[in-house]
Amino acid sequence: MNTTQKITLTERHLLIPMIWEGDLELHSNRKRMEQSIFGKPILHGDTVLSLAIQLILEDSKVKGGIFAFSSKYKKSSSVGDELQVFYEKIPINESRERISFEARNHQDDVVLSGSLTIRIRT
């Protein structure tokens with residue numbers, strides 16, 4: 001099993017994707033989120049997925065492009081959480097490989113799991 005570096009989630013990780021998507025009334029609304037089951041603002045799941053994929057690509061030095069992906073969100077992530085990805089490369093054939101992964105927070109909770117199918121460049 002391979003392990004990426006850890007990153008700490010910041011306000012920037014929370015706000016920039018939400019500004020881009022125009023979603024400032026839900027995930028980042030402190031008052032509203034404090035009254036929710038989460039108790040605090042949370043990052044979009046797709047933001048966490050993007051960060052996890054970037055950590056994998058930087059660590060694994062993939063020589064190709066993502067052909068397909070799947071993901072399952074398991075737990076929310078918030079500003080201040082640390083994110084680290086544990087992954088395994090599995091050859092499919094000469095031109096493709098699969099990377100199965102789990103993103104975990106600083107409490108070792110799985111927040112996201114999934115897989116990437118990579119089309120290998122030759």
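Heavy atoms only, all atoms of each residue included: F38 and S76 are closest at CD2-OG, 3.6 Å. Residues T8 and E82 share a closest heavy-atom pair of OG1-CG, 3.7 Å. Annotation for M1 and E88: closest pair SD-N, 4.3 Å, computed over non-hydrogen atoms.
Summarising the geometry, atom CG belonging to L49 is positioned 15.0 Å from atom NZ belonging to K72; distances are rounded to the nearest 0.5 Å. Rounding to the nearest 0.5 Å places CD1 of I99 at 4.5 Å from OG of S60. Remark: I120 CD1 to E97 CD distance equals 4.5 Å, nearest 0.5 Å. Rounded to the nearest 0.5 Å, atoms CZ (R96) and CG (N93) are 6.5 Å apart.
A donor-acceptor pair under 3.5 Å is absent between the side-chain atoms of D109 and the main chain of V111, judged by distance alone. Side chain of E102 to backbone of S113: no donor-acceptor contact under 3.5 angstrom is found. A donor-acceptor distance shorter than 3.5 angstrom exists from the side chain of S78 to the backbone of P41, with no hydrogens or angles considered. The closest donor-acceptor contact from the side chain of T4 to the backbone of D59 lies at 3.5 Å or more, if one exists at all.
Taking the side chain as every heavy atom from C-beta outward, Y87 and L116 never approach each other to under 4.5 Å. Counting only heavy atoms from C-beta outward, the side chains of V79 and H13 never approach each other to under 4.5 Å.
For K75, the NZ atom counts as loosely surrounded, since its 6.0 Å shell holds 12 or fewer non-hydrogen atoms of other residues, nucleotides or ligands.
Follow the hydrophobic side-chain contacts under 4.5 Å out from I7 and you reach V48 in the same cluster. A continuous path of Ile, Leu, Val, Met, Phe, Trp and Tyr side chains, each step under 4.5 Å between heavy atoms, connects L57 with V85, placing both in one hydrophobic cluster. Both F69 and L112 are members of a single hydrophobic cluster when ILVMFWY side chains are connected at heavy-atom separations under 4.5 Å. In the hydrophobic clustering of this structure, V62 does not group with F67; members are Ile, Leu, Val, Met, Phe, Trp, Tyr whose side-chain heavy atoms approach within less than 4.5 Å, directly or through other members. Hydrophobic clustering, with ILVMFWY side chains joined whenever heavy atoms are under 4.5 angstrom apart, keeps V110 apart from Y73.
Residue Q84 forms a side chain to side chain contact (heavy atoms under 4.5 Å, CB included) with just one option from K6, H106, Q5, and that option is K6.
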